[in-house]
**Q** 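Can you keep this structure in mind? I'll have questions shortly.
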There are 4 protein chains.
Amino acid sequence: MTIQESATTSEGRPQRADARRNHERLVEAARELFEEGTDTSMEAIAKRAGVGIGTLYRHFPKRIDVVEAVYRDDVEQVAIVAERVVVELEPWEAIDVFLHAFVNYALGKRRFLNELREAFEKNPELKSASRERLDGAVRLVLETAQRAGVVRTDLTSEEIYGLVGSMCMSALLTTEQCDRLIGLILDGLRVR
Amino acid sequence: MTIQESATTSEGRPQRADARRNHERLVEAARELFEEGTDTSMEAIAKRAGVGIGTLYRHFPKRIDVVEAVYRDDVEQVAIVAERVVVELEPWEAIDVFLHAFVNYALGKRRFLNELREAFEKNPELKSASRERLDGAVRLVLETAQRAGVVRTDLTSEEIYGLVGSMCMSALLTTEQCDRLIGLILDGLRVR
Amino acid sequence: MTIQESATTSEGRPQRADARRNHERLVEAARELFEEGTDTSMEAIAKRAGVGIGTLYRHFPKRIDVVEAVYRDDVEQVAIVAERVVVELEPWEAIDVFLHAFVNYALGKRRFLNELREAFEKNPELKSASRERLDGAVRLVLETAQRAGVVRTDLTSEEIYGLVGSMCMSALLTTEQCDRLIGLILDGLRVR
Amino acid sequence: MTIQESATTSEGRPQRADARRNHERLVEAARELFEEGTDTSMEAIAKRAGVGIGTLYRHFPKRIDVVEAVYRDDVEQVAIVAERVVVELEPWEAIDVFLHAFVNYALGKRRFLNELREAFEKNPELKSASRERLDGAVRLVLETAQRAGVVRTDLTSEEIYGLVGSMCMSALLTTEQCDRLIGLILDGLRVR
DNA sequence: TATGAATGAGTGTTCATTCAT
DNA sequence: TATGAATGAACACTCATTCAT
């Protein structure tokens, strides 16, 4: 499901098949553990990925590099969903499905926020790049719906993204409350 | 600004002046460090408060007790601001000032979220109690403005609270963006 | 049951009734906690005795002073039992009752051994004095029985005392095994 | 002197030469410190073994695991002595040498008792297994001597073991007294 | 190259002891 | 005098990171 599936990359990322395999496994393992929230040590990540701690460090020299890799992959996956719903579903259905997917997805990041903030501070490029990618995804879905006349036009993707995304991050709302609020937002968006 | 200023409390909180002083200092030190986000060890809190580590532990036997104390105090302060603006300012000004105060305030909690979530899990009473207090504060301001006819009546305090509060928690929004979004929300609330 | 019941002591021990009362309470509380074995902090002792930690330190400036006081009191109590059985019971019954009492008593000291050893090292007088007192007690019972012709005469009190006392201290024997072994020893002692 | 000298073990103990070396060093260091009795912190054990604290924890995740390892090794060594004297010495000499060795050995455990008791409570298997091993060792020596007709036959290994072993544990007996008492016991055992 | 053993600074927490009230 | 608040050294234990095999 990830996007970097080519065997070689310009920046010299893993060539050998097993190395690439390990890279993916590690990101996946880290994602799962970050979502579970507890005991996310480097050791635990390596173990869950089924490799030695040394191998983890070969791929990601610092802990924060793991955080960054997970987040880049996360963003990529959301963007891919956007691209998919736009071509596969009706405009309104697309935005409905996308927002709920986005919410469900984002909810898994709650425990990950402090690490993420740190990653942003150390590497501002990460923030701007993923920001753009996410904005693009939301805009893609939103503007398609707006062009089809099913969604209000006085809202920017950034505003939607800000409200929805941040809402999901709150420690104060339950999953159910988030879903209900999304319903409210969708109601507000719809042209009747 | 805190509310418990009487020399004795019914629940048996510290009576001795120096003990009360230390208690306040510790909460204050903890709040500052939680806002700064990094290096929030018990040692650091005690040091910033200017007391020995043992004193910190006498007041708060577990780390999570510090988190809880800071949060309770936080909630109290927000509620107090609500009560103050309602009597001191015009209805619309009150809601405007309150929401911006709330936002500025909540922004300081960003780094504090994971700890807070853990505290909620360990002590559900903390969540419900502070939830009620906050809801009450927001409702006080909102309903006053609604009765004065300056704010739409089709919104509940809970919705306001949910949107605003969670927005502030996002790692993805800058302080400036939050302030701008608050402006948008206020615009949406106003009866014109 | 303790022996120092006079209101004044040559060495300047507590004069005031409440102080003496506290002293006794503290020793009693400490004994109970040492037997239970866990969490025998100075704080816990003071609490169980119903006094403040400061009061504990007024009576016993160092932790080891509590250990010493408990042990002196222990020895005294055993000696008193010896003196009592000798006058109140038949010779054989006396030794039988005494040894079982001694065993039951000594079993409570198991968790106390390391502290005791330390006390001996810091204050050799404690060891020799209590040693003498205990030896005297055992000898009193033993020799009375020997003179009455119901117990073998080729054993010294020291040997009895060594075997029985140390047996009780073992981590390796259960209470039941200790009782059984005492039976064996009594069998061996008896003149038939 | 230890028994596990093969490079690999069935249960997955450390394979790497340096790891095995460290394991042994750590047990040895811990034994020495437990015998000395004071200041037996994990830090002190690691230091004495010449490794970092992390290495100690890699080998023994909890303090009690060190206690257990030391005790298992202790028991093993005593058993090995028994097996050796039985084949290398005359029956009476064997029992004489063995008991004195046992005593000297056990005396080193005095300061170790409370830790040991805790280990027994947490892991009853430890108690039963080592108990069996020790009983077997004593029985081996005793029965060999009994079959050779040099020792009384009306004593079980358990009784010997109970008396001798526990005697050594006493805080109240000096090393010399223990040796003397062993002499007495040997006298009592001998068939004349 | 992959592995996992080694490292040690850092963390939460305890507790004997001191001292202000 | 009795109280309990304050102190800080010490402890068991964790984990990111380095390095030998």
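Atoms considered below: every heavy atom in the structure, side chains included; atoms not considered: hydrogens, waters and symmetry mates. All of these numbers come straight from a predicted model, not from anything done at the bench. Reminder, nothing fancy here: chain letters follow the sequence lines and each chain counts from 1.
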**Q** If only side-chain N and O atoms of Thr55(D) are considered, is one of them under 4.0 Å from the OP1 or OP2 phosphate oxygen of dA5(E)?
**A**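 Answer is no, no contact under 4.0 Å.
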
**Q** For dA5(E), does either OP1 or OP2 sit under 4.0 Å from a side-chain N or O belonging to His23(D)?
**A**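 Checking dA5(E) against His23(D), no side-chain N or O comes under 4.0 Å of OP1 or OP2.
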
**Q** Looking only at side-chain atoms of Tyr57(B), point me to the closest of dT7(E), dT13(E), dA6(F).
**A**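 The listed nucleotide nearest to Tyr57(B)'s side chain is dT13(E).
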
**Q** Closest approach of Ala49(D) and Arg25(D), non-hydrogen atoms and distance?
**A**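 Reported closest heavy-atom pair: O-CD, 3.4 Å.
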
**Q** As a test of reading the structure: which of dT17(F), dG4(F), dC15(F) is closest to the side chain of Ser41(A), going by heavy atoms?
**A**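 Looking only at heavy atoms from C-beta outward on Ser41(A), the closest nucleotide is dC15(F).
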
**Q** How long is the line joining CG of Leu26(B) and C1' of dA5(F), in whole Å?
**A**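 Checked: the CG to C1' distance equals 12 Å.
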
**Q** Whole Å only: how far is the CZ atom of Arg21(D) from the P atom of dG4(E)?
**A**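 Computing the Arg21(D):CZ to dG4(E):P distance gives 23 Å.
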
**Q** Let's test this: given Watson-Crick or G-U wobble pairing with both distances under 3.5 Å, identify the partner of dT3(E).
**A**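 Looking at the geometry, dT3(E) pairs with dA20(F).
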
**Q** Nearest to the side chain of Asp18(D), heavy atoms from C-beta on, is which of dT1(F), dT14(F), dA5(E)?
**A**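 Of all the options, the side chain of Asp18(D) is nearest to dA5(E).
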
**Q** Look at the side-chain N and O atoms of Arg58(B) and state whether any lies under 4.0 Å from the OP1 or OP2 oxygen of dA6(F).
**A**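 Result: no.
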
**Q** Should the pair Glu28(B)-Arg31(B) be classified as a salt bridge under the 4.0 Å nitrogen-to-oxygen rule?
**A**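 Salt bridge between Glu28(B) and Arg31(B), a charged N being under 4.0 Å from a carboxylate O: yes.
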
**Q** Over all heavy atoms of both residues, which pair between Val66(B) and Met42(B) is shortest? Give the atoms and the distance, please.
**A**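 Taking every non-hydrogen atom into account, CG2-CE, 3.9 Å.
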
**Q** Here's a test for you: under side-chain contact (heavy atoms from CB on, under 4.5 Å), which of Glu118(A), Glu121(A), Glu115(A) qualifies with Ile64(A)?
**A**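 Result: among Glu118(A), Glu121(A), Glu115(A), Glu118(A) is the only option passing the side-chain contact (heavy atoms from CB on, under 4.5 Å) with Ile64(A).
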
**Q** Measure from the side-chain heavy atoms of Ile53(A) and tell me the nearest of dA5(F), dT17(F), dC13(F).
**A**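 Closest nucleotide to the Ile53(A) side chain: dT17(F).
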
**Q** Would you mind reading off the distance between Lys47(B) atom NZ and dA6(F) atom P, rounded to a whole angstrom?
**A**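 It works out to 19 Å between those atoms.
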
**Q** What is the distance, to the nearest angstrom, from the CG atom on Leu33(C) to the P atom on dA16(E)?
**A**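 Nearest whole value for this atom pair: 12 Å.
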
**Q** Map Val51(B) and Pro61(D) onto DNA chain F by nearest heavy atom, then report which one ends up closer to the 5' terminus.
**A**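 Taking each residue's closest nucleotide, the earlier one in sequence belongs to Val51(B).
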
**Q** What is the distance, rounded to the nearest whole Å, between atom CZ of Arg63(A) and atom P of dC15(F)?
**A**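 These atoms are roughly 10 Å apart.
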
**Q** With a 4.0 Å cutoff (strictly under), does any side-chain N or O of His59(C) reach OP1 or OP2 of dA2(F)?
**A**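 Negative; the distance criterion is not met.
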
**Q** Rounded to the Å, how far apart are Met42(C) CE and dT18(E) P?
**A**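 Computing the Met42(C):CE to dT18(E):P distance gives 10 Å.
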
**Q** Map Glu43(C) and Gly54(A) onto DNA chain E by nearest heavy atom, then report which one ends up closer to the 5' terminus.
**A**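 Residue closer to the 5' terminus by nearest nucleotide: Gly54(A).
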
**Q** Name the closest nucleotide to the Asn22(A) side chain, picking from dT14(F), dA16(E), dA2(E).
**A**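 In terms of side-chain proximity for Asn22(A), the closest of dT14(F), dA16(E), dA2(E) is dA2(E).
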
**Q** Look only at the side chain of Ser130(C) and the backbone of Leu126(C), and say whether a donor-acceptor pair between them is shorter than 3.5 Å.
**A**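 Looks like yes, one N/O pair under 3.5 Å.
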
**Q** If I take atom CD1 in residue Ile45(A) and atom C1' in nucleotide dG4(E), what distance separates them, rounded to the nearest angstrom?
**A**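 Spelled out: CD1 on Ile45(A) to C1' on dG4(E) is 16 Å.
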
**Q** Can you tell me the distance, in whole Å, between the CG atom of Leu56(A) and the P atom of dT1(E)?
**A**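 Value for this atom pair: 16 Å.
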
